Amino acid sequence: MFERITKDTFETVYPILEEAFPVEELREKERQKGLLDREQYRLYGIKDDTGVLQGVFAMWDFDEFFYFEHLAIKPEFRNGGFGGRKLDEIVKWANRPIVLEVEMPEDEFAKRRIGFYKRHGFYFNDYPYLQPPMRKGQGVLPLRFMTTPEEISEDVYEKYKSLIHKVVYGYEEARDGLLLWC
């Protein structure tokens with residue numbers, strides 16, 4: 001069902017990522033491939049029983065939770081609730097809390113995406129969150145956490161946020177609350 005992607009199998013899944021995410025959102029190909037060297041990064045292919053590749057998802061493995069980075073489904077499998085069923089399988093398979101980030105609902109697409117995750121057991125947390133830029137020179141992105149299996153307290157949220165800033169984005173928070181590029 002879920003097959004861990006290595007540098008040797010990366011080329012089979014990259015076209016799915018490239019189609020699903022704009023280049024600005026997805027890291028450049030070699031940088032994305034380089035993440036596979038990171039101890040906490042996990043990239044998985046989604047295959048059916050016959051071995052046909054249907055999609056791909058990425059997570060960062062923290063001790064207490066998974067940080068869910070993205071789920072990309074091949075176009076021919078996107079209809080009929082396929083992505084939702086796969087997300088349900090991922091949540092069950094993970095067997096521990098999952099954290100993801102969504103853009104604040106400023107447009108219909110963001111609202112639909114939030115609704116999708118809510119229908120699959122994720123809670124929309126009220127804590128405002130700013131994702132640091134993925135590259136120097138970019139602005140921060142206003143986001144909210146969604147979590148499963150339940151809402152999180154503010155102190156747990158702060159812990160998750162600090163870990164994600166440091167490990168995923170390579171930032172550290174200074175005493176004055178500013179984000180520092182590491």
Side-chain angles (χ1 to χ4, degrees), residues 1-5 13-27 32 35 40-49 52-62 64-134 138-154 156-157 160-161 163-165 168-169:
M1 172 69 62
F2 303 136
E3 178 183 300
R4 180 106 182 249
I5 302 301
V13 300
Y14 188 76
I16 300 170
L17 294 172
E18 194 173 36
E19 181 179 12
F21 301 100
V23 171
E24 304 81 47
E25 200 172 308
L26 187 67
R27 295 165 185 92
Q32 185 74 31
L35 287 174
Q40 291 170 301
Y41 186 71
R42 306 283 186 267
L43 187 63
Y44 294 94
I46 302 170
K47 293 186 174 184
D48 66 12
D49 295 338
V52 172
L53 183 66
Q54 300 170 319
V56 62
F57 69 96
M59 297 176 129
W60 292 79
D61 187 352
F62 293 92
E64 301 169 31
F65 68 99
F66 282 114
Y67 170 71
F68 193 78
E69 191 169 48
H70 54 251
L71 168 64
I73 304 295
K74 289 174 90 171
E76 59 265 34
F77 297 108
R78 288 185 190 156
N79 295 327
F82 181 85
R85 287 193 304 277
K86 291 302 163 194
L87 181 62
D88 291 342
E89 290 174 19
I90 291 166
V91 168
K92 186 176 179 181
W93 166 82
N95 197 28
R96 71 173 123 153
I98 294 176
V99 173
L100 59 89
E101 300 163 307
V102 291
E103 295 173 18
M104 290 178 17
E106 296 174 357
D107 60 24
E108 193 56 39
F109 179 73
K111 289 177 185 175
R112 283 189 3 227
R113 185 168 46 211
I114 288 167
F116 169 78
Y117 286 117
K118 281 183 173 180
R119 287 191 301 278
H120 294 281
F122 284 82
Y123 292 84
F124 189 66
N125 289 269
D126 289 327
Y127 315 116
Y129 174 59
L130 295 175
Q131 178 194 65
M134 291 180 73
Q138 282 186 332
V140 294
L141 301 173
L143 303 166
R144 300 279 186 186
F145 267 10
M146 292 191 79
T147 54
T148 188
E150 59 193 24
E151 292 180 88
I152 57 174
S153 65
E154 192 167 359
V156 171
Y157 159 79
Y160 284 1
K161 181 179 81 169
L163 282 170
I164 291 167
H165 274 175
V168 178
Y169 299 111

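Values in this document were obtained by computation on a predicted structure and should not be read as measured data.
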Worksheet entry | Within-4.5 Å side-chain heavy-atom neighbours: Ile164 and Val99 | yes
Practice prompt. Identify the two heavy atoms, one from Pro97 and one from Tyr160, that lie closest to each other, and give their separation to 0.1 Å.
Written response: CB-OH, 4.2 Å
Item to complete: Check whether any side-chain heavy atom of Met146 sits under 4.5 Å from a side-chain heavy atom of Lys118, and report yes or no.
Response: yes
Item to complete: Give a yes or no on this: more than 12 heavy atoms of other residues, nucleotides or ligands lie within 6.0 Å of atom CZ of Phe77.
Response: yes
Item to complete: Mind listing the closest non-hydrogen atom pair of Ala72 and Leu17 along with its distance?
Response: CB-CD2, 4.4 Å
Practice prompt. Among Tyr44, Phe66, Phe2, find the one that has a side chain to side chain contact (heavy atoms under 4.5 Å, CB included) with Ile90.
Written response: Phe2
Discussion item. Is the shortest side-chain heavy-atom distance between Phe145 and Glu101 below 4.5 Å?
Written reply: yes
Practice prompt. Check whether any side-chain heavy atom of Ile98 sits under 4.5 Å from a side-chain heavy atom of Met59, and report yes or no.
Written response: yes
Worksheet, complete the sentence: On a heavy-atom basis, the closest approach of Leu53 and Lys74 is O-CD, 3.0 Å
Practice prompt. Mind running side chain to side chain contact (heavy atoms under 4.5 Å, CB included) on Trp60 and Leu35 for me, showing each step along the way?
Written response: CA-CA 10 Å; Trp60 292 79; Leu35 287 174; 3.9 Å; yes
Discussion item. What I'd like to find out is whether the side chain of Tyr117 reaches to under 4.5 Å of the side chain of Leu87, using heavy atoms alone.
Written reply: yes
Practice prompt. Report yes if the side chains of His120 and Thr148 come closer than 4.5 Å at any heavy-atom pair, otherwise no.
Written response: no
Worksheet item: Is a side-chain donor or acceptor of Arg112 paired with a backbone partner of Glu108 at a separation under 3.5 angstrom?
Response: no
Item to complete: For the residue pair Tyr41 and Glu69, establish whether any side-chain heavy-atom pair is separated by less than 4.5 Å.
Response: yes
Practice prompt. Provide the closest heavy-atom pair for Ala58 versus Leu43 in the form atom of the first, atom of the second, distance.
Written response: CB-CD1, 3.8 Å
Practice prompt. Could you tell me whether the side chain of Phe65 reaches within less than 4.5 Å of the side chain of Thr147, counting heavy atoms only?
Written response: no
Response to the item:
Closest non-hydrogen contact found for Gln32 with His70 is NE2-CE1, 4.0 Å
Discussion item. Checking Glu89 against Lys86 for the salt bridge (charged side-chain N to carboxylate O under 4.0 Å, His left out) test, could you report, in this order, the C-alpha distance in whole Å, the side-chain angles of both residues, the deciding distance, and whether it holds?
Written reply: CA-CA 5 Å; Glu89 290 174 19; Lys86 291 302 163 194; 3.3 Å; yes
Worksheet item: Going from CZ on Phe68 to CZ on Phe122, what distance comes out if it is rounded to the nearest 0.5 angstrom?
Response: 6.5 Å
Practice prompt. Indicate yes or no for a side-chain donor-acceptor contact from Asn125 to the backbone of Ile152 under 3.5 Å, with no hydrogens or angles considered.
Written response: yes
Fill in: Straight-line distance of Met1 CE to Asp48 CG, nearest 0.5 Å
8.5 Å
